Trainee: 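Questions regarding the structure given below will be posed in turn.
The structure presented is a predicted model; accordingly, all values stated were derived computationally and were not measured. Chain letters run A, B, ... following the sequence lines, proteins first, then strands; residues in each count from 1.
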There are 2 protein chains.
Amino acid sequence: MHELDERKTKILNAIIRNYLETGEPVGSRTISKYSDLNLSSATIRNEMSDLEEMGYIIQPHTSAGRIPSDLGYRFYVDNLIAQKDKEVTEIKEFMIERTEKMEQVLKQVVKLLANNTNYATMITAPSYHRNKVKFIQLSQVDEKQILAVIVTEGNIVKNKMIPVEEPLDNETMLKLNILLNTSLNGLSLEEINLVTIARLKEQAGIHSNIISDVLDAVAASIQEDEDLQIYTSGATNIFKYPELSDSQKASELISAFEEKQQLASLVNQTLSGEEETGIQVYIGDESPVATMKDCSVVTATYELGEGMHGTIGIIGPKRMDYENVVDNLKTLKVQLDNIFKKPKGD
Amino acid sequence: MHELDERKTKILNAIIRNYLETGEPVGSRTISKYSDLNLSSATIRNEMSDLEEMGYIIQPHTSAGRIPSDLGYRFYVDNLIAQKDKEVTEIKEFMIERTEKMEQVLKQVVKLLANNTNYATMITAPSYHRNKVKFIQLSQVDEKQILAVIVTEGNIVKNKMIPVEEPLDNETMLKLNILLNTSLNGLSLEEINLVTIARLKEQAGIHSNIISDVLDAVAASIQEDEDLQIYTSGATNIFKYPELSDSQKASELISAFEEKQQLASLVNQTLSGEEETGIQVYIGDESPVATMKDCSVVTATYELGEGMHGTIGIIGPKRMDYENVVDNLKTLKVQLDNIFKKPKGD
DNA sequence: GTTAGCACTCTCACGAATAGAGTGCTAACA
DNA sequence: TGTTAGCACTCTATTCGTGAGAGTGCTAAC
């Protein structure tokens with residue numbers, strides 16, 4: 001396939017930009033009038049004919065204007081991301097006002113992003129894979145229940161109630177707490193293997209069953225996160241784009257959003273295919289999720305140190321405002337990296 | 001307004017039932033064929049004419065069949081709920097498999113209900129208003145952070161990280177813990193007033209600022225719940241009903257669902273207007289939420305003892321399967337009451 | 001290489017025509 | 001008096017055809 005010369009590039013850009021704005025097929029006359037090329041519509045037509053042959057644009061029908069093909073978008077995106085480096089958008093730090101709970105930060109972020117872009121957005125909590133235990137505490141809550149609190153690096157807190165037949169005395173409690181902390185502290189959740197467990201139980205003596213329960217609790221609370229927490233927002237923004245909002249498509253898309261199952265595969269795909277910037281753009285069929293073949297999907301990953309990472313993504317029409325979206329994701333990515341990496345003390 | 005005689009009642013029922021199934025206006029011929037009245041279509045027409053005059057049914061246009069009016073639905077519902085007492089539906093206890101976390105139970109319930117009914121569903125967590133403190137525990141997690149764990153009756157656990165300049169020694173920690181527990185235990189969150197606080201701080205001495213932080217934490221974690229946690233499911237079921245799924249309406253409805261703000265008003269309404277069965281049916285305009293004037297809404301409240309209660313609701317087309325829905329809600333209500341009321345030990 | 005002009009194509013919006021469904025009314029019947 | 005058959009009437013939804021508008025491709029001239 002031939003390279004595009006400068007004029008063709010300009011025309012292609014003009015077409016795409018125009019289409020991004022209006023959502024209508026754009027004709028030769030429009031380009032000739034609104035671009036700074038000073039070419040007649042006829043000339044534009046010739047060039048457009050070429051561009052179509054090369055696969056960058058498409059005619060929905062014989063006498064309509066042209067719209068960008070997936071390849072065209074791809075070209076535009078690759079071009080854009082290479083050359084643009086716009087100033088930081090209005091996503092301010094005001095959202096990070098000491099909300100300790102990650103869950104809440106995520107919800108805020110995803111909502112903010114949806115409002116900012118007018119597209120549907122999603123974010124996943126960092127997966128706790130390989131995360132390390134930092135602190136464990138057992139407390140007697142009432143006669144029949146012990147509360148186990150588990151804190152991991154990154155200050156994720158998990159609670160679990162453990163039923164017991166009879167209350168434990170303070171001394172035993174203290175001993176168990178010390179035992180648990182000395183044995184498990186600093187271990188990643190995968191490093192707690194049968195050997196560790198056996199030794200633990202041995203040392204716990206008659207209370208080994210409580211240890212079992214605690215470990216179950218640890219395992220359970222991890223498991224619970226393994227099925228991936230995904231927050232979404234702005235799903236109804238889909239209705240703002242006619243090309244997506246006929247009953248059939250909208251229904252499928254929003255279902256995909258609700259189910260979150262499909263989003264998960266998106267996430268996995270993103271995590272595996274890393275890139276320099278950490279931002280990926282899927283246009284149409286490129287998307288790992290079939291339901292979204294009429295959309296574009298932009299994703300970014302953010303880090304929580306220690307190899308833990310989450311994904312944030314935007315789903316919109318192919319004619320999405322890539323510049324704005326990529327920008328938004330870039331800055332968000334940086335900010336999320338900061339929030340979660342730093343010991344929150346700062 | 002006159003009472004309906006038996007024949008009119010039968011015909012009205014036939015009309016409504018038929019419409020519930022098909023969603024199409026139903027004509028006189030249909031009724032005469034499929035009901036056991038053995039009347040000709042002409043007779044039916046006469047009766048229908050009467051029913052229309054009385055306001056129970058409506059003609060969408062001159063030469064269409066009839067559809068139930070809001071009043072008609074109301075009659076049907078009132079009739080139905082009074083006389084029906086069907087066997088328990090398939091909602092089995094399998095959903096209650098020792099999931100300690102309320103949040104998860106709720107999510108499961110709402111999802112199950114959506115699957116079961118094919119309507120959009122919502123559920124709120126019980127509000128913690130008037131809930132009592134049962135247990136408080138501070139622990140030193142690392143050099144700069146203390147973890148406060150607060151357990152209330154009903155075993156709701158809240159965590160809060162508190163930053164400190166320098167670590168506290170064990171003894172102080174112990175003292176603070178004892179102080180907090182003896183002072184606050186058994187108090188409802190409203191009973192912790194300035195007097196209590198002042199006394200607490202006095203006793204804490206130089207560590208009074210930590211007490212402040214803990215109390216802030218308590219307040220914050222309550223506040224957080226005050227803006228009402230609502231889980232939803234099956235929003236896209238809306239697309240299954242043509243009369244709701246044109247782009248405009250569907251968009252509004254799903255937005256309402258996403259925003260959850262509007263659902264909140266639904267909840268409040270429900271909580272204030274209690275009824276014998278605890279189940280309320282809003283048809284069309286009766287709904288407290290304007291967005292839902294083309295829908296019917298069925299809500300139920302469940303209890304968690306001590307005056308705490310949550311709401312569960314179903315939103316669907318006016319022609320929803322009221323029998324099934326009410327049944328489902330009834331059994332769910334009972335089961336939720338059971339789950340949450342019992343001390344979980346069992 | 002660029003442009004003007006023109007015939008051609010395709011979509012979309014509009015209106016007319018038609019089939020179908022259902023009613024209301026009248027007259028006859030039990 | 002209640003029920004029924006029959007028929008004219010009304011309204012909707014669908015189909016078809018038409019015309020306007022937008023945009024193209026091609027040719028010929030600059």
Side-chain angles (χ1 to χ4, degrees), chain A residues 2 4-12 14-16 18-19 21-69 72 242-243 245-247, chain B residues 2 4-12 14-16 18-19 21-69 72 242-243 245-247:
Chain A
H2 291 103
L4 292 179
D5 61 29
E6 194 185 328
R7 198 169 72 178
K8 281 196 172 53
T9 307
K10 274 190 177 169
I11 293 178
L12 181 55
I15 293 173
I16 296 182
N18 195 294
Y19 183 67
E21 266 181 40
T22 64
E24 299 287 313
V26 6
S28 53
R29 186 119 191 295
T30 316
I31 301 298
S32 102
K33 257 166 66 181
Y34 293 104
S35 79
D36 49 356
L37 290 165
N38 284 327
L39 293 174
S40 78
S41 64
T43 312
I44 305 285
R45 276 204 287 285
N46 289 330
E47 296 287 32
M48 281 165 94
S49 185
D50 292 350
L51 283 170
E52 182 167 10
E53 203 176 343
M54 297 189 214
Y56 288 106
I57 53 181
I58 293 175
Q59 259 183 315
H61 52 266
T62 336
S63 75
R66 308 301 217 282
I67 62 174
S69 67
E243 65 265 47
S245 68
D246 74 83
S247 210
Chain B
H2 290 102
L4 291 179
D5 61 27
E6 193 184 330
R7 197 169 73 177
K8 281 196 173 51
T9 307
K10 273 191 179 169
I11 292 178
L12 181 55
I15 293 173
I16 296 182
N18 194 293
Y19 183 67
E21 266 181 39
T22 64
E24 299 287 313
V26 7
S28 53
R29 188 116 192 297
T30 318
I31 301 297
S32 103
K33 259 166 66 182
Y34 293 106
S35 79
D36 50 356
L37 290 164
N38 285 326
L39 291 175
S40 79
S41 63
T43 312
I44 305 285
R45 275 203 288 285
N46 288 330
E47 295 287 33
M48 281 165 92
S49 186
D50 292 352
L51 283 171
E52 181 167 10
E53 204 176 341
M54 298 188 213
Y56 290 105
I57 51 180
I58 294 176
Q59 259 183 313
H61 53 264
T62 334
S63 73
R66 308 300 215 285
I67 62 174
S69 68
E243 65 267 46
S245 68
D246 74 83
S247 210

Trainee: Can you tell me the distance, in whole Å, between the CD1 atom of B:Ile31 and the P atom of C:dG22?
Mentor: 11 Å
Trainee: In whole angstrom, what separates A:Leu51's CG from D:dT24's C1'?
Mentor: 15 Å
Trainee: Give, for atom CD of A:Glu52 and atom CD1 of A:Ile67, the distance between the pair rounded to the nearest 0.5 Å.
Mentor: 10.0 Å
Trainee: Can you run through DNA chain D from 5' to 3' and write each base as (, ), [, ], | or . depending on how it pairs? Watson-Crick or G-U wobble, both distances under 3.5 Å.
Mentor: ||||||||||||||||||||||||||||||
Trainee: Any protein N or O atoms within reach of nucleotides 15-20 of chain D? Criterion: under 3.5 Å, listing atom names and distances.
Mentor:
none

Trainee: Please encode protein proximity along nucleotides 4-11 of chain D as a string of B, S and -, counting only heavy-atom distances under 4.0 Å.
Mentor: BBB---BB
Trainee: Specify the separation, in whole Å, of atom CD1 of B:Ile44 and atom C1' of C:dG24.
Mentor: 15 Å
Trainee: Would you call A:Leu39 and A:Ser32 a side-chain contact if the rule is heavy atoms closer than 4.5 Å?
Mentor: no
Trainee: Can you measure from CG (B:Leu12) to CG (B:Asp50) and round to the nearest 0.5 angstrom?
Mentor: 12.0 Å
Trainee: Whole Å only: how far is the CD1 atom of B:Ile67 from the C1' atom of D:dT12?
Mentor: 15 Å
Trainee: With side chains defined as the heavy atoms from C-beta onward, is the minimum distance between A:Glu47 and A:Ile31 less than 4.5 Å?
Mentor: no
Trainee: Does a nitrogen or oxygen in the side chain of A:Arg29 sit under 4.0 Å from OP1 or OP2 of D:dG21?
Mentor: no
Trainee: To the nearest Å, give me how far apart CD (B:Glu24) and P (D:dT12) are.
Mentor: 15 Å
Trainee: Would you mind reading off the distance between B:Glu47 atom CD and D:dT3 atom P, rounded to a whole angstrom?
Mentor: 7 Å
Trainee: Using modelled atom types and a 3.5 Å cut-off, is there a donor and acceptor pairing between side-chain atoms of A:Ser28 and backbone atoms of A:Ile44?
Mentor: no
Trainee: Got a second to check how far B:Leu37's CG is from B:Lys10's NZ, nearest 0.5 Å?
Mentor: 5.5 Å
Trainee: Atom CD1 of B:Ile11 and atom C1' of D:dT3: how far apart are they, to the nearest Å?
Mentor: 12 Å
Trainee: Would you indicate whether the side-chain heavy atoms of B:Leu51 and B:Arg66 approach each other to under 4.5 Å?
Mentor: no
Trainee: Measure from CG on A:Asp50 to P on C:dT2 and round the result to the nearest Å.
Mentor: 11 Å
